[in-house]
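Here the structure comes first, spelled out in structure tokens, and everything after it is commentary.
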Amino acid sequence: MNEKFLKPYNPQDTEQKIYKLWEESGFFNPDICVEKGITKADAPAFTIVMPPPNVTGQLHMGHAMMLTVQDIMIRYKRMLGFKTLWLPGTDHAAIATQSKVEKDILKTEGKNRNDLGREEMLRRINEFAKESHDTIASQIRAMGASCDWSREAFTLDEKRSLSVNTVFKKMYEDGLIYRGHRIVNWDPKGQTTIADDEIVYVEEKTKFYYFKYGPFTIGTSRPETKFGDKYVVMHPNDARYSAYKHGQKLTVEWINGPIEATIIKDDCIDMAFGTGVMTITPWHSTVDFEIAERHKLDREQIIDKYGKLLPIAGEAFAGLKIKDARDKIVATLEAKGLVEKIEDYTHNIATAERTGGTIEPQIMNQWFIAVNKEFTLPYSNISGIPSGSKTTLKELMRKTVAEKQIKIIPEYFDKTYFHWIDNLRDWCISRQIWYGHRIPVWYKKEQFADKYVDIKAPTDGNNWVQDEDTLDTWFSSGLWTFSTLGWPEETPDLKTFHPTDVLETGYDILFFWVARMILMTGYVLGEIPFKTVYLNGIVRDAKGQKFSKSLGNGIDPLDVAREFGADAGRMALIYSTAPGTDSKISNDKIKGYKHFANKLWNITRFVLTNTEGVTIDTSFSPWSEKDKTLIEERDALVKEVTKEFDEHMLHISAEKIYQYVWTRFADVILEESKKIFAEGNENDIISRKQFLLQTLESNLKLMHPFMPFVTEEIWQNIGKTNLLMTEKWPS
RNA sequence: GCGCCUUUAGCUCAGUUGGUUAGAGCAACUCAUUUACACUGAGAAGGUCGGGGGUUCGAAUCCCUCAAGGCGCACCA
């Protein structure tokens with residue numbers, strides 16, 4: 001017996017060494033597994049494409065969770081003999097990364113992005129992204145992730161950029177990408193647009209003002225937008241205002257003197273809210289914009305990109321910031337006797353997820369993806385949408401899940417998913433930041449109207465200027481399952497590994513990412529990107545709080561690995577954690593599984609000490625009666641654990657093995673064996689020794705996906721010449 | 001406003017399609033022992049499964065309803 005077993009198990013001495021052993025074996029790569037005869041050439045594929053962590057710093061426990069779940073699935077399938085691919089990568093995360101670097105530069109050098117210029121800024125961001133990437137890659141390794149590093153991808157690398165431009169061009173030619181003046185979410189702080197789902201609503205206590213507007217009283221929480229309000233809107237059936245006709249004009253006294261107001265009747269008005277009358281500001285409100293669209297009304301910009309009032313507001317107000325302008329306007333109206341009353345009011349203000357800036361809706365010339373526009377899908381493998389039929393992107397997203405071609409775990413997230421799709425509007429994909437895929441559109445310098453859309457810049461010698469904007473980061477991550485496999489090239493990887501099998505991620509990016517991958521893959525390939533979506537919950541601290549920098553409660557997965565071992569961290573994350581449910585993690589919990597790793601270690605020591613001179617004999621048959629029963633029990637366990645794995649109930653698998661190993665195998669069977677070895681007859685002793693050896697191996701195999709390091713380390717020290725990682729799963 | 005989830009032992013949570021006496025970890029309690037392992041073992045204790053109603057031979061599980069907590073979406077001018 002190796003003397004190692006005389007001391008307690010020490011993860012620090014073990015984990016790095018074991019990871020190196022795996023990585024150097026090459027068996028993270030399915031091609032090498034086939035080449036070396038580990039996997040059959042015609043074995044079915046099992047693929048997971050890793051959700052690429054943002055290159056914004058380092059990984060946290062949420063990443064540790066996703067890495068754990070995926071590695072467990074991958075190791076299980078690899079042992080079952082599948083051609084198993086886990087493809088790792090990182091995400092450039094456009095706004096998140098740029099704003100992080102901008103913040104750092106502002107802090108240390110007092111400079112902003114314009115001081116540095118596009119080129120220098122990008123250089124600095126790339127430098128930061130590179131560092132981040134290296135940190136992240138080493139953290140992924142420390143977790144024991146058995147992913148194929150030879151296929152590693154980055155959303156902004158050359159191959160992925162080619163995919164992005166190719167898809168952009170295709171969508172543009174199909175009329176699904178268009179540029180237009182539409183109302184968008186403008187973040188004055190980040191100086192960029194953001195998508196609807198990048199908005200975070202924050203509750204704010206504010207005032208609600210009632211102003212006299214000619215014969216009407218209108219309510220508003222935003223007086224600063226009211227300068228251009230020359231339309232007054234009411235419900236067509238509102239009896240209180242039946243005297244006023246649609247289109248009727250009247251002169252009313254307003255902020256900067258009398259203006260001509262036009263009556264508009266529209267049934268989107270809630271008669272019960274306020275006075276049932278409102279004025280509209282189409283340039284700065286989504287709802288107002290839609291009213292203006294319906295009735296073809298004028299729009300005027302009141303607030304500029306920096307959140308300041310424009311000259312249209314009149315001399316007294318132009319140039320003021322929103323906050324300063326508000327009180328001044330109210331004072332002006334007050335002086336004119338136009339303020340009827342002011343009430344306290346709570347509403348949700350829209351803020352940008354990444355910068356915290358307050359969103360100002362603005363009409364801007366931006367690029368959009370039309371989600372409701374019909375197009376022809378030439379080839380389709382999506383149930384309910386035959387090849388060559390007309391469909392919409394929204395329908396692609398809906399059908400795949402509704403027809404159960406994509407299964408979401410837990411199932412109840414279907415409803416959330418449909419709810420989101422049904423409320424979905426055109427997706428604004430252009431961003432006014434520098435880090436990301438620059439929009440592959442070129443304009444003739446002289447005639448801005450002349451557009452050239454292609455994968456590469458035009459080379460006809462004319463003065464072409466590329467669009468300044470970059471693409472929403474989710475555009476490139478939407479292509480992730482197939483861009484990572486080499487598309488647009490028709491690679492063998494694409495044929496073998498796509499559609500992928502499981503997409504595992506946190507439920508918090510179901511819309512951001514999962515839905516968009518379904519959209520993009522459906523559109524580009526006429527395929528689903530994955531068969532199963534496994535959603536994990538949010539990992540919280542012992543008190544149930546989200547981990548955050550401001551709370552300072554973050555746990556670094558590397559610290560966990562150092563203190564307790566990555567195996568213990570993995571078990572703590574998976575144990576008692578059902579899919580889709582938030583979980584709490586604490587050092588106490590992790591400690592319990594460190595003890596378990598040591599238990600396995602000592603079980604091995606016991607078995608080795610008591611079976612010296614005995615080797616495994618798989619054809620052994622003179623089992624004692626007692627051991628026959630134990631074998632049945634063990635076989636039943638293997639069956640159950642396997643079944644739970646196949647149904648993605650990893651937490652239950654983990655629990656069953658853990659219980660068996662500790663409370664049955666160690667506490668009962670080993671104790672009983674001591675007696676047999678001391679007093680039993682010869683056959684019982686031989687039978688028991690054989691049973692212990694065989695069951696030890698079976699336990700190690702069953703435990704391997706969960707605790708790969710300690711199980712592999714044991715395997716390497718009980719006289720094995722191969723890797724446990726590529727052993728066959730017991731049956 | 002629309003929708004989703006949660007409520008099970010002191011704490012943290014499992015409990016797949018309804019089926020014996022509802023489980024685990026941690027904590028606490030009693031005891032044992034230098035043992036394969038103190039990163040230990042044995043034992044005991046702890047629950048009207050949020051409340052109420054219903055379906056059923058049978059409900060933590062299905063249905064209705066109420067309550068508390070959490071979350072998502074939309075948004076009110």
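It should be emphasised that the depicted structure is a prediction, and the values quoted were computed from it without experimental measurement. In what follows, chains are A, B, ... by sequence order, proteins preceding strands, each numbered from 1.
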Rounded to whole angstrom, note down the C1' distance from B:rU20 over to B:rC57.
14 Å
For a quick check of understanding: with a heavy-atom distance under 4.0 Å over all strands, which category does A:F413 fall into, base, sugar-phosphate or nothing?
nothing
Nearest-nucleotide comparison on RNA chain B, the residue closer to the 5′ end among A:N423 and A:P8:
A:P8
Sugar-phosphate only, base, or nothing, as touched by A:K674 at under 4.0 Å among non-hydrogen atoms
base
Nucleotide nearest A:W662 when distance is taken to its side chain, options B:rC4, B:rA36, B:rU40:
B:rU40
Answer for the Watson-Crick or wobble partner of B:rG18, both distances under 3.5 Å, is none
Distance between P atoms of B:rA9 and B:rG50 (Å, rounded):
8 Å
Just checking A:S221: base, sugar-phosphate only, or nothing, at a heavy-atom cut-off of under 4.0 Å?
sugar-phosphate
Roughly how far apart, to the nearest Å, are B:rC11 and B:rG18 at atom P?
30 Å
Please give, in whole Å, the distance from B:rG72 P to A:D196 CG?
16 Å
A:K584 side chain: which of B:rC75, B:rU16, B:rC13 is closest?
B:rC13
If you check the A:R605 side chain, which of B:rA14, B:rC76, B:rC37 turns out closest?
B:rC37
Look at the side chain of A:K599 against the base of B:rC37 and say whether a donor-acceptor pair falls under 3.5 Å; ignore hydrogens and angles.
yes
salt_bridge(A:K341, A:E343) N-O dist < 4.0 Å
yes
Counting heavy atoms from C-beta on, name the nucleotide in B:rC5, B:rG72, B:rC75 closest to the side chain of A:H419.
B:rG72
How many whole angstroms separate atom NZ of A:K591 from atom P of B:rC37?
21 Å
Could you give the distance separating B:rU17 and B:rC5 at their P atoms, to the nearest angstrom?
14 Å
Nearest-Å distance once atom C1' is located in both B:rG46 and B:rG25
15 Å
Measuring from the side chain of A:S576 (C-beta onward, heavy atoms only), which nucleotide among B:rC76, B:rU40, B:rC13 has the closest atom?
B:rC13
In terms of side-chain heavy atoms of A:K643, which of B:rU16, B:rC73, B:rC4 is nearest?
B:rU16
Of B:rA24, B:rG15, B:rC76, the nucleotide closest to the side chain of A:H651 is B:rG15
Between A:K404 and A:D414 (salt bridge meaning N to carboxylate O under 4.0 Å), is one present in this structure?
yes
Taking atom C1' of B:rC76 as reference, at what distance in whole Å does atom CZ of A:F289 sit?
20 Å
Closer than 4.0 angstrom, basic N to acidic O: yes or no for A:K626 and A:D684?
no
Nearest-nucleotide check on RNA chain B, A:T604 vs A:F208; residue mapping nearer the 5' end is A:T604
For A:F368, does the six-membered ring have the charged nitrogen or CZ of A:R182 within the cation-pi criterion, i.e. under 6.0 angstrom from the centroid and within 45° of the normal?
yes
Can you confirm whether more than 12 heavy atoms, excluding those of A:K4, are under 6.0 Å from its NZ atom?
yes
According to the Watson-Crick and G-U wobble definitions, with both distances under 3.5 Å, which nucleotide is paired to B:rG23?
B:rC13
Take atom C1' in B:rU7 and the same atom in B:rC13, then report the distance between them in whole Å.
12 Å
Starting from C1' on B:rU12, measure out to CG on A:N587 and report it in whole angstrom.
14 Å
With a non-hydrogen cut-off below 4.0 angstrom, is A:S583 in contact with a base, only sugar-phosphate, or nothing?
nothing
With a non-hydrogen cut-off below 4.0 angstrom, is A:G592 in contact with a base, only sugar-phosphate, or nothing?
nothing
Name the closest nucleotide to the A:I652 side chain, picking from B:rA74, B:rG41, B:rA14.
B:rA14
Any strand counts, and the cut-off is 3.5 Å on both contacts for Watson-Crick or G-U wobble. Which nucleotide pairs with B:rC49?
none
Closest nucleotide among B:rA36, B:rA74, B:rC39 to the A:N598 side chain
B:rC39
State whether A:E712 and A:K720 are salt-bridged, where the test is any N-O pair (Lys NZ or Arg NE/NH1/NH2 against Asp/Glu carboxylate O) under 4.0 Å.
no
Using a heavy-atom cut-off of under 4.0 Å over every strand shown, decide if A:F5 touches base, sugar-phosphate, or nothing.
nothing
Complement of B:rC71, any strand, by Watson-Crick or G-U distances under 3.5 angstrom:
B:rG3
Hey, are A:D266 and A:H235 close enough side-chain-wise for a donor-acceptor pair under 3.5 Å?
no
Using the P atom on both, measure B:rC64 against B:rU55 and round to a whole Å.
15 Å
Tell me the interatomic distance from A:N348, atom CG, to B:rC75, atom P, rounded to whole angstroms.
11 Å
Could you check whether A:Q659 gets within reach of a base, just the sugar-phosphate, or nothing at all, counting any heavy atom under 4.0 Å?
sugar-phosphate
Could you check which of B:rA24, B:rC73, B:rC4 has an atom nearest any side-chain atom of A:K415?
B:rC4
Please work out if A:R540 contacts a base, only the sugar-phosphate, or nothing of the nucleic acid, heavy-atom cut-off 4.0 Å.
nothing
Base, sugar-phosphate or nothing for A:T609? Non-hydrogen atoms, less than 4.0 Å.
nothing
Select base, sugar-phosphate, or nothing to describe what A:D508 touches, counting heavy atoms under 4.0 Å on all strands.
nothing
Roughly how many Å is it from CE in A:M278 to C1' in B:rC76, rounded to a whole number?
9 Å
Under 4.0 Å, counting only non-hydrogen atoms across every strand here, what does A:A597 touch: a base, just sugar-phosphate, or nothing?
nothing
Ion pair A:D422/A:R398, N-O distance below 4.0 Å
yes
For B:rG58, give the paired nucleotide (Watson-Crick: N1-N3 plus N6-O4 or O6-N4; G-U: N1-O2 and O6-N3; both under 3.5 Å), or none.
none
Contact class for A:I218 (heavy atom, under 4.0 Å): base, sugar-phosphate, or nothing?
nothing
On the nucleotide B:rG25, are OP1 or OP2 found under 4.0 Å from the side-chain N or O atoms that A:Y593 carries?
no
With a 4.0 Å cut-off on N to O distance, would you call A:K212 and A:E253 a salt bridge?
no
In whole Å, what separates the C1' atom of B:rC26 from that of B:rU35?
24 Å
